[in-house]
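All remarks here apply to the structure that follows.
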Amino acid sequence: MMREQFVLVLLLAVGSSLAAKDTISTNLVNREITRTIDLKTQVAHVSYEFVIENTGSSAASHFHFALDAHHGKQLSFLGATDEDKKSLKVAENVKVQSQSDAYFARITFASPLAAGSKATVNVIAVLPRILSPYPAEITQSEKQLVSYTGNHYVLSPYTTDSQTTHIEVANKNIESMSRLQPTSTDEAKVKYGPYTNIAALTSNEMTLHYENNAPYLSIRDLDRKIEVSHWGNIAVEETIELVHVGAKLKGSFSRLDFQRNPAVAAQAAVLTIKTILPATARDVYYRDEIGNISTSHLMEKEDSVELDIRPRFPLFGGWKTHYYTGYNVPSHEYLERYGSQYRLTMRVVDHVYDDQHVQKLNTRVILPEGAKNIKVSAPFAMEELPQTLHYTYLDTFGRPVVVLSASNLVQEHIQDFVLTYEFDSTLMLQEPLLVVGFLYAFFLVVIVSVRLDFSLVKAKQA
């Protein structure tokens with residue numbers, strides 16, 4: 001009896017495991033795939049255009065997108081649109097009934113793909129740490145070389161009639177590259193294909209070794225604090241730990257060589273960082289542990305404010321800097337009121353530098369004292385940490401703090417979160433009344449104290 005129960009439980013477990021896995025359709029065929037790999041910066045942007053045909057007898061609701069296992073581990077952002085540029089639903093890292101160890105995602109068509117019909121789907125994949133400095137260490141005046149490893153073919157669980165890959169690099173200085181004919185190069189562009197009649201999940205290693213002196217920066221830790229006030233202001237402050245993750249500096253740093261010719265003596269170093277702030281940002285500051293850094297420049301544009309940050313020292317490979325920036329924005333731009341209900345819409349992460357990569361993000365939203373029934377909607381998968389309290393001047397029971405956490409973010413994650421809460425407007429009188437009460441009590445004590453006689457011996461009357 002026990003043996004039969006054990007077998008039954010085992011069969012149920014296996015069945016549920018199989019049921020949880022997606023099945024790859026044999027009716028879908030890639031008629032044509034065009035892949036473009038942008039390797040001009042430290043972040044790889046890979047865009048695909050799939051022309052898919054349903055050769056079956058029934059409609060298909062979705063198709064599966066695949067990446068090599070190594071690329072799947074480095075994936076930061078994955079998005080899909082149809083031929084009308086409308087976003088499609090993407091389920092990432094799904095399990096499929098396949099012998100391959102590849103990374104799979106399920107992309108749902110805007111409407112079921114009818115039998116015999118074709119659909120065009122555009123996919124964008126962002127891989128922030130796929131390029132490796134090679135060599136790993138360089139001297140101050142050397143150029144930075146990086147290597148890229150990928151697949152000559154577009155990995156797909158379906159057969160492909162024709163596919164072509166275009167690669168764009170930073171410049172024409174390509175040290176070496178793999179060749180799977182037909183292959184051609186044109187200045188800073190490489191073309192692989194077209195390749196025809198490719199079986200499902202076909203792989204052939206591609207390598208590319210080239211010069212890339214783009215800023216290889218990564219934000220190790222970003223703490224974004226948003227403090228909401230119902231008196232017309234929202235204060236934003238970002239504390240940033242920035243690391244140069246490119247080829248490490250070999251040997252010592254020569255300030256003399258750097259001052260003589262920084263264009264040659266610091267080719268792979270980062271000298272400035274351009275941060276884009278909201279157009280309504282004011283009272284902008286940029287400081288580090290020592291204090292204010294006066295070498296920064298602020299430029300106001302029509303739709304943004306550019307903060308040109310120049311660290312106290314150039315950032316070479318392996319070096320890091322820690323600083324914080326802050327500014328104020330008017331609350332009416334981001335805060336809406338519906339009676340006692342409030343709705344805050346702001347970016348969960350903002351632009352720190354071009355093609356940014358954030359290893360760890362904590363976004364803290366400090367609400368007015370007395371806010372309740374707080375609900376937050378994140379634009380992508382984020383962890384909502386337990387709420388805490390923040391105390392500042394004239395606070396009595398603390399301001400609620402909502403904390404959102406995420407990791408491995410890129411520029412495509414610059415999106416808005418929505419936070420709603422309730423607030424009784426009469427609580428805005430709390431702080432003014434506290435000040436009035438304190439002053440009233442103070443002057444009352446003064447009035448009483450000057451009328452009291454604390455002398456031990458009374459003065460004799462004349």
Side-chain angles (χ1 to χ4, degrees), residues 38 40-43 45 128 170 212-229 232-244 246 258-259 261-316 319-335 345-358 361 363 409-417:
D38 186 345
K40 295 192 294 290
T41 66
Q42 61 156 351
V43 178
H45 293 80
N212 190 343
N213 291 311
Y216 265 57
L217 296 175
S218 181
I219 301 174
R220 183 175 293 172
D221 188 70
L222 172 56
D223 184 80
R224 178 173 167 86
K225 183 175 70 174
I226 302 171
E227 188 168 354
V228 180
S229 171
N233 185 71
I234 297 178
V236 180
E237 183 176 274
E238 294 182 338
T239 303
I240 299 168
E241 183 179 352
L242 194 64
V243 184
H244 192 306
F258 174 72
Q259 293 290 354
N261 194 348
V264 175
Q267 296 185 70
V270 178
L271 307 182
T272 61
I273 304 165
K274 186 177 72 174
T275 298
I276 299 179
L277 307 178
T280 54
R282 62 183 187 274
D283 306 325
V284 181
Y285 59 88
Y286 161 49
R287 300 171 187 148
D288 60 8
E289 291 89 341
I290 299 176
N292 184 59
I293 302 176
S294 59
T295 52
S296 58
H297 300 281
L298 196 68
M299 181 183 297
E300 294 186 6
K301 294 190 173 183
E302 185 177 350
D303 57 349
S304 65
V305 174
E306 286 188 5
L307 177 61
D308 189 22
I309 295 175
R310 191 178 185 90
R312 296 182 186 273
F313 49 85
L315 290 178
F316 288 90
W319 293 19
K320 65 179 180 179
T321 183
H322 187 276
Y323 66 92
Y324 57 97
T325 61
Y327 55 90
N328 295 315
V329 291
S331 59
H332 67 82
E333 294 275 344
Y334 306 94
L335 190 63
T345 305
M346 291 193 73
R347 288 179 173 178
V348 69
V349 61
D350 215 333
H351 181 282
V352 181
Y353 60 89
D354 293 337
D355 294 300
Q356 66 189 29
H357 175 231
V358 182
L361 167 72
T363 298
L409 305 180
V410 290
Q411 196 159 313
E412 283 73 11
H413 288 108
I414 299 180
Q415 302 176 34
D416 292 339
F417 70 89

inquiry  = Tell me if the CD atom of E300 is crowded by more than 12 foreign heavy atoms within 6.0 Å.
reply    = no

message = Under the criterion side chain to side chain contact (heavy atoms under 4.5 Å, CB included), I'd like the reasoning laid out for L315 against Y216: C-alpha separation, chi angles, the key distance, then a yes or no.
response = CA-CA 10 Å; L315 290 178; Y216 265 57; over 6 Å; no

Find out whether [X] and [Y] are in side-chain contact, i.e. whether some heavy atom of one side chain is under 4.5 Å from a heavy atom of the other.
X: Y323; Y: I309; answer: yes
X: I226; Y: M346; answer: yes
X: K40; Y: H45; answer: no
X: L242; Y: H322; answer: no
X: D416; Y: V348; answer: no

Without placing hydrogens or testing angles, list every side-chain donor-acceptor pair under 3.5 Å for residues 326-334, not counting sequence neighbours.
{"residue": "N328", "atom": "OD1", "partner": "N233", "partner atom": "ND2", "Å": "3.4"}
{"residue": "N328", "atom": "ND2", "partner": "D283", "partner atom": "OD2", "Å": "3.2"}

Salt bridge (Lys or Arg N to Asp or Glu O under 4.0 Å) against [X], all qualifying residues, sequence neighbours excluded:
X: D350; answer: R347
X: D223; answer: R364
X: K320; answer: E241

Quick one: [atom1] on [X] to [atom2] on [Y], what's the gap to the nearest 0.5 Å?
X: Y286; Y: L307; atom1: OH; atom2: CG; result: 8.5 Å
X: I219; Y: L409; atom1: CD1; atom2: CG; result: 9.5 Å
X: L277; Y: T325; atom1: CG; atom2: OG1; result: 6.5 Å
X: S218; Y: Q356; atom1: OG; atom2: CD; result: 10.0 Å
X: I414; Y: I276; atom1: CD1; atom2: CD1; result: 8.0 Å
X: T280; Y: R282; atom1: OG1; atom2: CZ; result: 7.5 Å

request  = Name all pairs fulfilling the salt bridge (charged side-chain N to carboxylate O under 4.0 Å, His left out) condition that reach into residues 301-312, sequence neighbours left out, sorted by first residue then second.
outcome  = D288-R312, K301-E306

Distance-only side-chain donor-acceptor flag, Q42 / H357, under 3.5 Å = no

For the student: nearest non-hydrogen atoms of V305 and A279, plus distance = CG2-O, 3.7 Å

key: Minimum heavy-atom distance between V43 and D355, given as atom pair plus value   = CG2-O, 3.4 Å

message = Under the criterion side chain to side chain contact (heavy atoms under 4.5 Å, CB included), I'd like the reasoning laid out for V349 against L222: C-alpha separation, chi angles, the key distance, then a yes or no.
response = CA-CA 9 Å; V349 61; L222 172 56; 3.8 Å; yes

task = Decide yes or no on side chain to side chain contact (heavy atoms under 4.5 Å, CB included) for D354 and K274, but give the supporting numbers first.
result = CA-CA 7 Å; D354 293 337; K274 186 177 72 174; 4.1 Å; yes

ask   = Can you list the residues that meet the side chain to side chain donor-acceptor pair (under 3.5 Å) rule with N213, with sequence neighbours excluded?
value = E211

inquiry  = I need the single residue from I240, T363, V352 that forms a side chain to side chain contact (heavy atoms under 4.5 Å, CB included) with R224. Which is it?
reply    = T363

ask   = Are any side-chain N or O atoms of Y324 and backbone N or O atoms of E289, one a donor and one an acceptor, separated by less than 3.5 Å?
value = no

